[in-house]
Amino acid sequence: DLSREAYASVKRPEIFRKINKDIKLPASVVEDAWMKANPLLEKDGLTITCKQGHIQEARVFLSRDLTPVPCGQDVARDCNMKDTVFTPVR
């Protein structure tokens, strides 16, 4: 199934697995960690979203053949908060 392949093709930053409590950090740090873990991604192929002061999700954009592509303008909603809460990965 293509969605499983897509999920498996993107590496989650290992550093996030070492966090065991909520921390505050700039959303740009989260983006940088994703870029470092996935060197084939371009900045415009990843967006970090936040909601009510919390990191909500990382969105990676891939084509049908699972190559990175730029985000569409309608979905690119980069969080630029300097003091967001990051909840540990479960």
Side-chain angles (χ1 to χ4, degrees):
D1 161 79
L2 188 60
S3 61
R4 290 182 196 276
E5 286 180 53
Y7 182 83
S9 74
V10 177
K11 292 185 172 100
R12 268 81 41 217
E14 280 298 315
I15 189 70
F16 296 153
R17 299 215 177 271
K18 297 176 182 177
I19 298 170
N20 58 12
K21 63 179 180 176
D22 288 1
I23 60 170
K24 286 190 176 188
L25 71 168
S28 62
V29 170
V30 175
E31 182 178 52
D32 291 345
W34 277 89
M35 297 299 296
K36 185 175 180 182
N38 298 277
L40 294 179
L41 288 180
E42 300 284 334
K43 281 259 190 206
D44 63 355
L46 168 73
T47 189
I48 304 298
T49 65
C50 52
K51 186 175 184 181
Q52 298 176 343
H54 287 75
I55 297 292
Q56 184 177 23
E57 63 185 358
R59 295 179 181 177
V60 176
F61 296 85
L62 304 170
S63 68
R64 290 205 177 270
D65 66 358
L66 304 182
T67 56
V69 296
C71 305
Q73 291 298 335
D74 57 331
V75 292
R77 290 183 269 164
D78 274 341
C79 177
N80 56 9
M81 295 179 67
K82 304 285 185 221
D83 198 24
T84 52
V85 176
F86 182 89
T87 301
V89 177
R90 293 182 195 98

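One finds the OG atom of S3 at 10.0 Å from the CG atom of L66 (value rounded to the nearest 0.5 Å). The distance from atom NZ of K82 to atom CG of L25, rounded to the nearest 0.5 Å, is 11.5 Å. To the nearest 0.5 Å, the span separating OG1 on T84 from CD on Q52 amounts to 13.5 Å. Atom CG of D83 sits about 11.0 Å away from atom SG of C50, to the nearest 0.5 Å. For the atom pair CG of D32 and CD1 of I15, the computed distance is 13.0 Å after rounding to the nearest 0.5 Å. Rounding to the nearest 0.5 angstrom, the gap separating the OG atom in S9 from the CG atom in L62 is 5.0 Å.
Between C79 and T49, the closest heavy-atom pair is CB-C, 4.0 Å. Considering all non-hydrogen atoms of both residues, P68 and L40 come closest at CG-O, 3.8 Å. Nearest heavy atoms, E31 versus K43: OE1-NZ, 3.4 Å. Scanning both residues, G45 and C71, for their nearest heavy atoms gives C-SG, 3.8 Å. Annotation for W34 and K11: closest pair CZ3-O, 3.5 Å, computed over non-hydrogen atoms. Across all non-hydrogen atoms, the minimal contact from M35 to L46 is SD-CD2, 3.7 Å.
Without hydrogens or angle criteria, N38 side chain to L41 main chain gives no donor-acceptor distance under 3.5 Å. Panel note: side chain D44, backbone P70; no donor-acceptor pair is recorded below 3.5 Å.
Counting heavy atoms from C-beta outward, H54 and T87 have side chains that approach closer than 4.5 Å.
The one candidate from V29, D22, I19 that meets the side chain to side chain contact (heavy atoms under 4.5 Å, CB included) condition with F86 is I19.
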For side-chain contact (heavy atoms from CB on, under 4.5 Å), just list the numbers for V85 and I23, CA-CA rounded to whole Å, side-chain angles, deciding distance to a tenth of an Å, and then say yes or no. CA-CA 6 Å; V85 176; I23 60 170; over 6 Å; no
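Hydrophobic cluster membership differs between Y7 and F61, with clusters built from Ile, Leu, Val, Met, Phe, Trp and Tyr side chains linked at under 4.5 angstrom.
Ionic pairing of E57 and K51 is not present here: no N-O contact between side-chain nitrogen and carboxylate oxygen is shorter than 4.0 angstrom.
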